[in-house]
Amino acid sequence: MYDLKALYEARTVRDAVRLRLEHPQAQILAGGTDVLVQMREGKRAGAELISIYGIDEMRGVSLDAEESVRIGSLTSFSHITRDPIIQKYINVLGEAVDMVGGPQIRNAGTIGGNTCNGVTSADSASTLFAWDAVIELTGAEGVRRIPIQEFYLSAGKVDIRPDEIQTAILIPKASYQGCFGHYIKYAMRNAMDIATTGCSVNVVLSGDKKTIARARIAYGVAGPIPMRAPAAEAAAKDRPLTAETVEAFGAAVLEDIHPRDSWRASKAFREHIAVELARRCLTESVRLAGGEIG
């Protein structure tokens, strides 16, 4: 049994916003893969919940009028992995969320819940950071869109106002066009484990496939929130596809990341892994883009 005070069910986005205003202490319930487990553990005893799981307009993947990839916040991980738009334009995101938990979690868990938790270890987060995702929030005053880098404020805290719900995640066309990426999750086990470190890299190559026109890299569990590594991105930009470029790219990430010591791994180990993951992700991203490291 769950120790809860009340459960309110929203059927539309407008309904959810109204319930948020009427019950400011209530917590949003999407797939429930985190909230319900925490309630069973007694961490949210006596909570009021607003279930948004029945809002079908917040599900699915589509291209909007600007050709941005629009992912409804209630879209499950398994849906994202199998979606043809994701497979065509941002396949790495499908691969990343396919590493979340087990099949039951991926069928119920939603990408909106994964990002709204604000945790740095979320498997979707580093890839969304690396692809310049935009978060869509809907509240009493209408729709607000902010870059994902501004959405994450601190560990476990995101920029959602009291009347808002997250309705979608968008990847602009300029972020995915001609872009190829790779994600590696390093964990102590091969499945059903939280990332010790996660690294997502993507590249756009020059027309002759000899130079990196643009590289982007982001990490999970390299700081209190997911983060980009701009020094590494600058180290690879306009550089030839050589082993030296790969080495410079990996070494430069240490200028930006801020891992900590924990029972899962030491700071020194996380830094070592971060450098190696950067090298491997860049090399594979270049291969997927049709290039070859010489």
Side-chain angles (χ1 to χ4, degrees), residues 9-17 20 28-33 51-100 103 105-117 122-139 141-152 158-160 164-183 200 202 204 216 218 226 288:
E9 291 189 79
R11 296 299 180 187
T12 65
V13 171
R14 180 177 294 182
D15 196 24
V17 171
R20 288 275 280 164
I28 294 293
L29 176 68
T33 56
S51 174
I52 61 172
Y53 199 70
I55 306 177
D56 287 338
E57 63 187 288
M58 288 172 55
R59 283 189 172 84
V61 180
S62 60
L63 292 177
D64 67 13
E66 288 75 39
E67 296 187 69
S68 294
V69 175
R70 178 184 177 87
I71 308 169
S73 292
L74 288 179
T75 309
S76 69
F77 300 125
S78 56
H79 185 136
I80 290 169
T81 300
R82 296 192 303 265
D83 187 86
I85 293 176
I86 296 294
Q87 292 176 351
K88 181 176 181 179
Y89 295 114
I90 321 171
N91 195 44
V92 62
L93 179 60
E95 294 174 348
V97 299
D98 201 41
M99 299 181 189
V100 177
I105 296 296
R106 294 193 292 272
N107 286 339
T110 66
I111 195 165
N114 204 225
T115 51
C116 287
N117 275 340
D123 285 303
S124 67
S126 56
T127 295
L128 293 173
F129 266 67
W131 291 73
D132 289 326
V134 175
I135 302 296
E136 179 185 278
L137 302 152
T138 302
E141 297 182 1
V143 174
R144 181 167 68 102
R145 290 179 175 176
I146 57 174
I148 195 168
Q149 290 89 343
E150 298 175 17
F151 181 64
Y152 282 73
V158 293
D159 182 15
I160 299 181
E164 291 180 329
I165 61 170
Q166 188 201 104
T167 44
I169 298 171
L170 298 101
I171 311 294
K173 183 178 181 180
S175 295
Y176 70 75
Q177 191 171 40
C179 193
F180 297 84
H182 187 59
Y183 171 74
S200 189
N202 60 70
V204 175
R216 293 177 299 196
L288 291 168

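We count residues from 1, following the sequence as given. These numbers come from a predicted model, not from an experiment.
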Between Ile148 and Val134, does a side chain to side chain contact (heavy atoms under 4.5 Å, CB included) hold up when you go through it step by step?
CA-CA 5 Å; Ile148 195 168; Val134 175; over 6 Å; no
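- In this structure, Thr110 and Gly113 approach most closely via the heavy-atom pair OG1-N, 3.1 Å.
- Here OH of Tyr183 is found 4.0 Å from CG of Asp123. Values are rounded to the nearest 0.5 Å.
- Between the side chain of Arg106 and the backbone N or O of Val100, at least one donor-acceptor pair lies under 3.5 Å.
- Taking the side chain as every heavy atom from C-beta outward, Tyr152 and Thr115 approach each other to under 4.5 Å.
- The CZ atom of Arg70 sits 12.0 Å away from atom CG of Leu63, with the distance rounded to the nearest 0.5 Å.
- Exactly one of Glu150, Glu164, Glu136 qualifies for a salt bridge (Lys or Arg N to Asp or Glu O under 4.0 Å) with Arg145. That residue is Glu136.
- Proximity of Leu93 to Ile71: side-chain heavy atoms (C-beta onward) are separated by under 4.5 Å at one or more points.
- To the nearest 0.5 angstrom, Asp15 atom CG is 7.0 Å from Ile55 atom CD1.
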Under 3.5 Å donor-acceptor pairs involving side-chain atoms of residues 124-133, not counting sequence neighbours:
residue, atom, partner, partner atom, Å
Ser124, OG, Asn114, OD1, 2.7
Thr127, OG1, Ser200, OG, 2.9
Asp132, OD1, Arg228, NH1, 2.7
Asp132, OD2, Arg216, NH1, 2.9

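- Of all the heavy atoms in Phe77 and Ile105, the pair that sits closest is CD1-O, 4.1 Å.
- Atom CG of residue Asn91 and atom CD1 of residue Ile85 lie 13.5 Å apart, to the nearest 0.5 angstrom.
- Among all heavy-atom pairs drawn from Ile86 and Gly94, the shortest one is CG2-N, 3.8 Å.
- Across Asn202 and Cys179, no two heavy atoms sit closer than the pair OD1-SG, 3.2 Å.
- With a 4.5 Å cut-off on side-chain heavy atoms, Met58 and Ile52 count as touching.
- Residues Gln166 and Ser73 share a closest heavy-atom pair of OE1-OG, 2.7 Å.
- Listed by chain and number, the residues in a ring-ring contact (aromatic ring centres under 6.0 Å, His included) with Tyr89 are Tyr176 (sequence neighbours excluded).
- Proximity of a side-chain donor or acceptor of Thr138 to a complementary backbone N or O of Ile165 within less than 3.5 Å is not detected.
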*Worked check of side chain to side chain contact (heavy atoms under 4.5 Å, CB included) between Ile160 and Cys116*: CA-CA 8 Å; Ile160 299 181; Cys116 287; 3.6 Å; yes
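- Contact record, Met99 with Glu95: CG-O, 3.6 Å, taken as the closest heavy-atom pair.
- Look at Asp159 and Arg144 and you find a salt bridge, because one of the NZ, NE, NH1 or NH2 atoms lies within 4.0 Å of a carboxylate O, short of that distance.
- When atom types are taken as modelled, the side chain of Arg59 and the backbone of Gly54 share no donor-acceptor pair closer than 3.5 angstrom.
- In summary, the side chains of Ser78 and Asn107 do present a donor paired with an acceptor at a separation below 3.5 Å, with no hydrogens or angles considered.
- Rounded to the nearest 0.5 Å, atoms CD (Glu57) and CZ (Arg11) are 12.5 Å apart.
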